[in-house]
Amino acid sequence: MSRYEARAAEAKWQAVWDEAHAFRAEHDPTRPKYYVLEMFPYPSGRIHMGHVRNYTMGDVVARHRRALGYNVLHPMGWDAFGMPAENAAIERGVHPGAWTWANIDQMRAQMKPFGFSIDWSREFATCDPEYYGQQQRLFLDMLDAGLVARKAAVVNWDPVDMTVLANEQVIDGRGWRSGAPVERRELVQWFFRISDFSEELLAALDGLDAWPDKVRLMQKNWIGKSRGLQFRFDTRGAPAGFERLEVFTTRPDTIFGASFAAVSPDHPLARALEAEGPEIAAFVAECRRAGTSEEAIESAEKRGVDTGVRVVHPFDPSLELPVYVANFVLMDYGTGAIFGCPAHDQRDLDFARKYGLPVPTVVSATGPDFTVADTAFTDPGRLVNSRFLDGMEVEPAKVEVIARAEAGGWGEGVTRYRLRDWGVSRQRYWGCPIPVIHCPACGVVPERRENLPVRLPEDVSFDGHGNPLERHPTWARTTCPACGGPARRETDTMDTFVDSSWYFARFTAPRAAEPTVMAEAEYWMNVDQYIGGVEHAILHLLYSRFFARAMMKTGHLPEKAIEPFDALFTQGMVTHETYTTPGPDGRPIWREPSEVIRDESGARLADGTPVEVGPSVKMSKSKKNVVDPDEIVAKYGADAARWFVMSDSPPERDVEWTAAGAEAAARHLARVWRLVETLPADAPAAIPAAPGPEATALLRAAHGAIRDVSEGLEGFAFNRAIAKLYEFANAIGRATGDAPDLLAARRFALRTLAQLMAPMTPHLAEEMWATLGGDGLVARAPWPEADPAMLVADEVVLPVQVNGKRRAEIRAPAGLDAAAVEALVLADPAVLRALAGASPRKLIVVPDRIVNVVV
RNA sequence: GCGGGCGUGGUGGAAUGGUAGACACGAGGGUCUCAAACACCCUUUCCGCAAGGAGUGUCGGUUCGAGUCCGACCGCCCGCACCA
């Protein structure tokens with residue numbers, strides 16, 4: 001008997017698959033296609049266990065679908081532009097391109113040993129001019145189609161990375177990569193007009209029923225639709241040009257509860273007043289200096305300054321309200337100005353209490369005398385103290401106020417979205433150049449399509465500040481495509497989210513001279529199953545949905561691809577325990593798992609130093625709780641790693657990597673191999689017409705496993721599928737007799753086991769399949785089908801409850817009618833004991849499941 | 001604050017309203033061995049020798065029957081946010 005040598009077997013089968021082009025996806029209209037895609041990786045240099053889990057999931061789906069007869073497209077590529085490459089250039093003097101391509105080679109080499117069934121012939125990297133040139137083509141087409149805008153905008157400026165960030169990339173006032181506090185700057189930027197699609201992107205979410213509800217909700221909240229009233233106050237005492245103040249509210253019903261108006265420090269009125277009053281100037285300057293970073297600290301306190309300006313209540317000219325500049329009013333939502341209704345908005349209430357403003361109640365659940373203390377009343381109720389609105393409910397009152405505003409010509413009902421246009425300009429080198437030219441005579445002129453790609457220059461230097469393209473001596477110098485005069489290239493490059501917003505479409509025709517090929521896109525789109533981390537729930541997925549629409553409008557995708565991802569699965573992370581030892585300065589020192597010895601008494605280092613075991617969190621270099629996929633493959637084999645990351649935890653949840661778990665996976669696979677090896681070579685393949693009871697039981701187990709594993713794989717319940725495979729293997733292990741019918745059943749069961757395990761452990765499955773005399777490659781074998789006749793048992797065990805408590809068990813032939821079951825139950829001694837002489841009032845018989853006796 | 005999700009053994013986790021704890025890890029005991037490794041077998045929710053009883057965060061409700069459905073509360077996790 002030989003031990004299963006995972007590494008040798010894995011290399012062998014990978015070579016066989018390569019040779020056979022087993023995973024090459026060929027356009028074949030006669031077969032149904034299936035497109036499974038995992039979010040492509042950023043080539044940071046090393047793959048980690050999170051990648052392994054992600055690609056294993058995709059591979060399980062791909063291999064299962066292939067076995068079910070689908071023509072599977074399962075590609076891989078590299079999201080290769082981005083800042084880390086430029087940082088490496090700054091820190092180590094390597095060219096970003098060289099650094100990136102070396103990383104790609106290294107990561108590809110790390111991925112190959114896992115045996116993912118990827119069509120590597122379609123591989124590409126987004127930093128390849130072949131790819132980004134097509135992206136420039138898309139940009140120009142979108143420009144022609146009116147989907148691109150160029151406008152001055154206050155942008156988030158990252159002072160560390162010297163770049164602009166999208167609103168979506170600012171997290172808690174800090175750059176999402178650098179973590180530096182973001183400043184405000186005004187620049188002329190390129191934008192994709194995603195906000196034009198707000199309503200469509202929102203409405204279409206309803207149709208994405210194979211997406212997690214959570215992701216759909218996050219996108220809905222991000223788009224942030226709200227209905228309200230936009231209207232104009234007449235002002236008193238305002239500077240020239242500010243005779244009106246336009247505000248937006250979602251609560252027009254509370255208009256009689258208004259006690260002040262407020263504008264953002266960035267509002268034009270605030271800027272105008274800044275010039276006139278030192279108090280306002282000081283406050284505005286302070287707000288601006290505080291920027292976004294200290295807002296968190298100040299967030300508890302609402303502050304403002306009375307401008308001296310007054311506004312007139314639109315329904316009562318005798319009512320005047322003070323206008324404040326207030327730090328809690330945002331310039332980029334609504335009009336940058338509000339009216340404050342303290343009784344029914346907590347922020348307004350806090351502000352009003354601080355500055356002694358009145359708090360009139362206008363909505364009440366109890367009556368007109370209701371007053372508000374420190375908590376604003378935001379529940380439903382009826383309008384009070386509101387003249388013509390009195391007695392109305394909130395929603396009809398909103399409608400009424402909007403109607404009167406529109407009739408009076410001083411306001412209108414509007415729908416607003418939180419979603420803003422997508423600013424794509426980045427002042428960086430390592431990105432896709434924006435293919436336009438600035439001509440002193442003609443203005444902004446698109447580059448000619450025949451001149452694409454606009455390539456990045458190779459000879460650049462990096463010192464970490466500003467944009468190397470802008471400082472390059474010659475690159476930007478060009479001639480105007482329109483007039484032929486001297487002109488300058490745009491030196492901004494595109495946000496890397498652009499690169500990942502259409503790569504899924506490019507995979508359908510990765511070498512084409514156009515961005516896509518309609519016939520290929522028509523056949524392969526949509527992505528049937530998309531798999532990735534929930535951290536991309538908003539940005540990447542929303543941008544991709546926008547791009548699919550843009551590509552449809554510009555003729556690069558068929559109409560059916562308007563929503564490019566039919567089904568989405570967001571997988572959990574791979575976590576690991578964290579280890580620390582006390583450092584000399586009292587601060588803990590992180591320790592790598594390989595340094596730590598775990599036993600029943602706890603954890604220590606090799607020299608005996610006690611180790612503090614921390615919670616299991618996402619693997620990260622900073623906490624040193626990483627395990628290296630290379631080492632795992634060397635130690636346990638790829639199949640064991642694949643098996644382990646798919647077992648135990650449901651795929652949407654985090655899985656904790658433990659050495660014990662990985663070892664157990666490897667042990668189980670070795671055991672499965674022994675089951676194959678202990679089958680006598682001359683065991684018959686043909687199952688006799690009437691197998692004995694033991695053989696029948698094993699065959700039933702095999703068909704049950706086919707049903708349960710199939711269900712598990714289809715429903716993304718990989719952990720349950722694997723549990724069934726354990727059970728099935730255990731059942732085979734128990735069937736040790738050497739009767740010919742049992743040996744034949746065992747051969748069948750083991751072949752079935754090989755097929756069912758193949759999506760998870762493809763190499764071991766090939767080895768088993770070959771040894772058991774299977775036909776061809778198991779990777780190409782059709783998925784087994786369960787025989788319905790083998791799924792029904794002859795006899796069932798029925799638990800018997802008395803008043804809902806389990807008291808007995810009876811055995812009965814399957815499908816026995818209720819009357820016969822009742823007779824059996826009432827004759828059972830345990831039931832009689834539990835009844836203690838009482839007579840049953842009612843008997844509930846759930847056929848073949850349970851009996852409940854009600855006393 | 002708003003929105004969403006989740007609370008089950010020592011651990012990860014199973015359970016279309018129908019025998020709670022599948023499967024695995026860990027632990028304990030045993031067989032094999034001179035010994036170890038490997039492997040195999042048994043036990044492993046709690047109390048109890050047993051018969052039996054209790055048990056899915058807490059309290060109520062619906063139901064013949066609730067981990068599952070409903071209500072309230074407690075705790076944890078995720079997302080969003082001066083969004084007017």
Side-chain angles (χ1 to χ4, degrees), chain A residues 3 171-172 212-222 224-226 228-229 247-252 254 261-262 264 292 295-296 298-302 326-330 332-341 344-348 350-351 375-376 378 416-418 534-535 537-538 575 598 600 616 644 647-650 652-656 658-665 667-668 670-671 674 708 717 719-730 733 797-809 833 840-846 848-855:
Chain A
R3 227 176 104 79
I171 295 157
D172 297 333
D213 289 340
K214 179 184 170 176
V215 172
R216 291 197 284 176
L217 184 71
M218 283 164 72
Q219 293 220 347
K220 181 175 177 241
N221 291 341
W222 192 263
K225 181 179 183 172
S226 59
L229 171 67
V247 302
F248 175 70
T249 178
T250 55
R251 291 295 302 272
T254 63
S264 159
T292 44
E295 269 186 18
E298 295 252 67
S299 68
E301 200 186 3
K302 316 281 180 264
N327 63 351
F328 66 93
V329 181
L330 298 177
D332 47 9
Y333 188 81
T335 60
I338 62 159
F339 75 78
C341 175
H344 307 292
D345 182 289
Q346 192 60 47
R347 284 157 314 170
D348 296 350
D350 294 345
F351 190 82
T375 308
T378 54
R416 286 202 167 271
Y417 300 88
R418 205 186 80 112
V534 73
E535 67 272 19
I538 298 175
T575 66
R598 290 281 267 143
E600 59 278 9
S616 193
F644 177 62
S647 63
D648 279 359
S649 289
E652 67 276 14
R653 253 189 258 183
D654 293 350
V655 65
E656 183 180 1
T658 61
E663 270 159 32
R667 267 206 308 276
H668 177 71
R671 184 164 168 263
R674 275 198 308 280
D708 293 342
N719 56 322
R720 296 210 305 270
I722 285 180
K724 292 296 174 189
L725 287 167
Y726 271 109
E727 263 180 88
F728 184 32
N730 291 342
V797 175
L798 287 177
V800 182
Q801 297 180 329
V802 177
N803 284 339
K805 293 281 182 196
R806 196 180 74 90
R807 298 297 182 189
E809 246 176 33
R833 206 182 322 131
R841 279 195 293 130
K842 197 157 120 187
L843 241 88
I844 289 150
V845 178
V846 184
D848 292 349
R849 289 223 70 141
I850 201 167
V851 180
N852 195 5
V853 184
V854 187
V855 182

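What you are looking at is a predicted structure, and each value in this text was computed from that prediction instead of being measured. In what follows, every chain begins at residue 1, and chains take the letters A, B, ... in the order their sequences are listed.
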If I compare all heavy atoms of Trp222(A) with all of Arg418(A), which pair ends up nearest, and what's the gap? CE3-NH2, 2.7 Å

Roughly how far apart, to the nearest Å, are C2(B) and C46(B) at atom P? 41 Å

Inter-nucleotide C1' distance (G29(B), A66(B)), Å rounded: 38 Å

Round to a whole Å and report the spacing from CD of Glu535(A) to P of C80(B). 12 Å

Going by the rule salt bridge (charged side-chain N to carboxylate O under 4.0 Å, His left out), which residues pair with Lys805(A) if we only count those two or more places apart in sequence or in a different chain? none

Determine the Euclidean distance between corresponding P atoms of G13(B) and C25(B); express it in Å to zero decimal places. 16 Å

Between A84(B) atom C1' and Phe328(A) atom CZ, what is the distance in whole Å? 8 Å

Once you round it to whole Å, what is the distance between C1' of G79(B) and NZ of Lys220(A)? 14 Å

Sugar-phosphate only, base, or nothing, as touched by Val329(A) at under 4.0 Å among non-hydrogen atoms: base

Any side-chain heavy atom of Thr249(A) sitting closer than 4.5 Å to one from Leu229(A)? yes

With sequence neighbours left out, what residues match Ser226(A) under side-chain contact (heavy atoms from CB on, under 4.5 Å)? Phe248(A), Thr250(A), Tyr333(A), Arg416(A)

I need the CZ-C1' distance between Arg841(A) and C64(B), as an integer number of Å. 9 Å

Can you list the residues that meet the salt bridge (charged side-chain N to carboxylate O under 4.0 Å, His left out) rule with Asp348(A), with sequence neighbours excluded? none

For Arg806(A), what residues pass the salt bridge (charged side-chain N to carboxylate O under 4.0 Å, His left out) criterion, not counting sequence neighbours? Glu809(A)

Protein-proximity profile, nucleotides 11-26 of chain B, B/S/- by nucleotide at the 4.0 Å heavy-atom cutoff, equals -BSSSB-BB--BSSSS

Rounded to the nearest Å, what distance is computed from the CZ atom of residue Arg418(A) to the C1' atom of nucleotide C2(B)? 13 Å

Taking ring pair (Phe, Tyr, Trp, His ring centres under 6.0 Å) as the definition, give me every residue that meets it alongside Phe328(A), ordered by chain and number, with sequence neighbours left out. Phe351(A)

Contact check, side chains of Arg216(A) and Asp213(A), non-hydrogen atoms, under 4.5 Å: yes

Of all residues at least two apart in sequence or in a different chain, which pass the salt bridge (charged side-chain N to carboxylate O under 4.0 Å, His left out) check with Asp708(A)? Lys724(A)

Using the C1' atom in both, what is the distance from A22(B) to U8(B), to the nearest Å? 13 Å

With Tyr726(A), which residues qualify under ring pair (Phe, Tyr, Trp, His ring centres under 6.0 Å), at least two apart? Trp643(A), His668(A)

C1'-based separation of U68(B) from G21(B) [nearest Å]: 15 Å

Taking syn as any angle within 90 degrees of 0 and anti as the rest, which one fits G5(B)? anti

Contact check, side chains of Val853(A) and Arg807(A), non-hydrogen atoms, under 4.5 Å: no

Ranking Phe248(A) and Lys842(A) by the position along RNA chain B of their nearest nucleotide, the one closer to 5' is Lys842(A)

Per Trp222(A) side chain, nearest of listed nucleotides A81(B), G55(B), A39(B): A81(B)

Quantified in whole Å, what is the C1' atom distance between nucleotide A20(B) and nucleotide U45(B)? 10 Å

Dot-bracket, 5' to 3', for RNA chain B please: Watson-Crick or G-U pairs under 3.5 Å, [ ] where pairs cross earlier ones, | where the partner sits on another strand, dots elsewhere. (((((((..(((.....[....)))((((((.......))))))(((....)))..(((((..]....))))))))))))....

Looking only at atom P, what distance separates A39(B) and A24(B), rounded to whole Å? 14 Å

Gap in Å between the two P atoms, one belonging to G10(B) and one to U16(B), rounded: 23 Å

Asn221(A) CG - A81(B) C1' separation (whole Å): 10 Å

Could you check how far CZ of Arg216(A) sits from P of G5(B), rounded to whole Å? 13 Å

Heavy atoms under 4.0 Å, any strand shown: does Ser647(A) hit a base, just sugar-phosphate, or nothing? nothing

Quick one: is Arg807(A) getting a side-chain N or O under 4.0 Å of the G53(B) phosphate, OP1 or OP2? yes

Separation of G3(B) C1' from Lys225(A) NZ (nearest whole Å): 18 Å

